[in-house]
Amino acid sequence: RFTTVRLVDCAVPRLEAARVHTEGDLHLPRCRFQSGIRLTDAQIGTDLLLNQAIVYRDRSGRSIAADGMTVGQDLQAEMLESHGELRLRGATIGVSLSLRGTRLVNPYTRLALNAPQLTVGRTLHLAPAGVGGPALSGTTPAHGTRIQRFECQGGVRLDDGRFGDAVDLEQARFIFTDDQELSLRRIQTPELRFLGERPKRGKVVLSDAKVVNLVDEWSSWPGPGQMSIDGFVYRNLVPRGSFSPTQRLEWLAAATPEYDPEPYDQLAATYRRSGEDQAARQVERVRQRRLRAPLPWPRRAWHASRDVPGVSVMLWAAIVIALLMVAWLSTRAALSHISNSAELGPSDAPPLVVATVSIITASGVLIGGILNGLAKFVRARGQNASDLIRAQAEMRRAEADIIRARAGLPPSEPIPPDPSITPGDGP
């Protein structure tokens with residue numbers, strides 16, 4: 001048990017500090033560790049500083065093993081070089097976790113950052129840092145300062161994390177193999193800033209994640225087959241740069257190789273909340289188009305023609321007008337015979353029957369069209385209301401869990417513990 005521990009610019013073969021307890025800071029900046037750091041279940045009273053440290057892996061392949069660690073305020077590991085697996089499973093950071101400008105490299109195992117069930121009071125920074133400036137964090141880089149971005153060569157696992165303010169991935173670079181991924185399953189945060197470099201390989205997984213604001217760029221998302229957003233809930237879209245509704249629909253199609261109506265309903269509801277009704281209607285048309293994709297081509301063509309604005313009304317009107325024209329022509333033929341012979345003969349029966357049937361059919365088509373339009377309107381209103389209520393309920397639950405996480409309380413719906421996550425050095 002210590003008050004404050006400082007090791008600066010030192011070379012240490014290995015730091016064994018499991019279950020260490022400090023009332024103040026633990027400072028390890030610019031140190032070099034040849035066989036890793038072990039901080040399992042450590043309790044740091046205020047700050048843990050690892051800025052510009054270089055850490056190599058131990059015999060188990062881990063550079064930093066800090067499962068179950070608690071830090072009272074900030075964990076700053078800016079410009080850190082980690083050669084191995086950085087593990088923060090079940091760790092709790094009181095304020096912020098900053099990995100600005102950090103380089104994580106792990107070609108030995110699947111994960112370079114393994115931090116499921118991580119709790120951060122405010123923001124997780126996987127963002128750039130200024131090199132050569134007076135400070136690493138919290139200041140604008142001075143003129144001439146070189147920017148070093150966060151880079152990760154290996155998989156990232158942040159499943160079930162709780163972040164009080166944001167997850168910041170601005171300019172982050174992820175270098176994956178085909179079986180590696182950026183896993184953000186079931187995270188909860190008010191803001192996700194997905195503004196990094198597009199991964200060329202691997203996958204981005206946001207299944208069952210809940211965020212309030214999704215801040216993103218079109219150029220940051222990977223292509224088809226490299227995304228999964230099943231159950232991903234967001235309330236507001238805050239695009240950076242150009243991100244048109246057409247591009248957003250391409251993003252949605254890339255993330256849902258099999259048709260699922262919920263992502264389209266959520267996107268349409270989000271556009272409506274922001275006042276973009278035309279974009280919402282475009283989303284609904286694309287949803288209907290994907291729904292009808294398995295149908296035979298004549299039915300697809302018929303429904304596609306009805307999707308064009310105004311065509312549905314024009315089709316109903318054309319049918320009614322055609323039927324009325326047939327009725328008028330048939331009645332005129334019968335009336336011309338009456339004017340000549342002053343009576344109806346057997347030859348007048350077909351025109352009269354055709355006229356009567358045409359009038360009755362036209363009236364039925366007109367009434368049916370009106371009722372069909374009213375039914376669609378009522379159904380759309382009800383569907384939009386239910387989608388909005390469902391999305392609001394999900395976001396209220398996520399916001400409540402974030403507030404509870406800030407207060408140090410468990411989430412309202414506790415996540416079942418992962419049997420593979422046990423503090424210690426076991427795999």
query: Between CG of Leu113 and CG of Leu124, what distance do you get to the nearest 0.5 Å?
result: 8.0 Å
- request: For the residue pair Tyr234 and Val212, establish whether any side-chain heavy-atom pair is separated by less than 4.5 Å.
  value: no
Can a donor-acceptor pair be found between the side chains of [X] and [Y] at a distance below 3.5 Å?
X      : Y      : value
Glu85  : Asn114 : yes
Asp230 : Ser207 : no
Ser96  : Asp74  : yes

message: Can you list everything that forms a side chain to side chain contact (heavy atoms under 4.5 Å, CB included) with Arg57? Sequence neighbours excluded, please.
response: Tyr108
Could you check whether [X] pairs with [Y] (Lys NZ or Arg NE/NH1/NH2 to Asp/Glu carboxylate O, under 4.0 Å)?
X      : Y      : value
Asp58  : Arg14  : yes
Arg100 : Glu78  : yes
Glu170 : Arg240 : yes
Lys203 : Asp178 : no
Arg103 : Glu151 : yes

Parallel, tilted or perpendicular, as decided by the 30° and 60° cut-offs, for the rings of Trp221 and Trp251: tilted
message: I want to check a possible cation-pi pair here: Arg248 against Phe243, using under 6.0 Å from ring centre and within 45° of the ring axis as the test.
response: yes
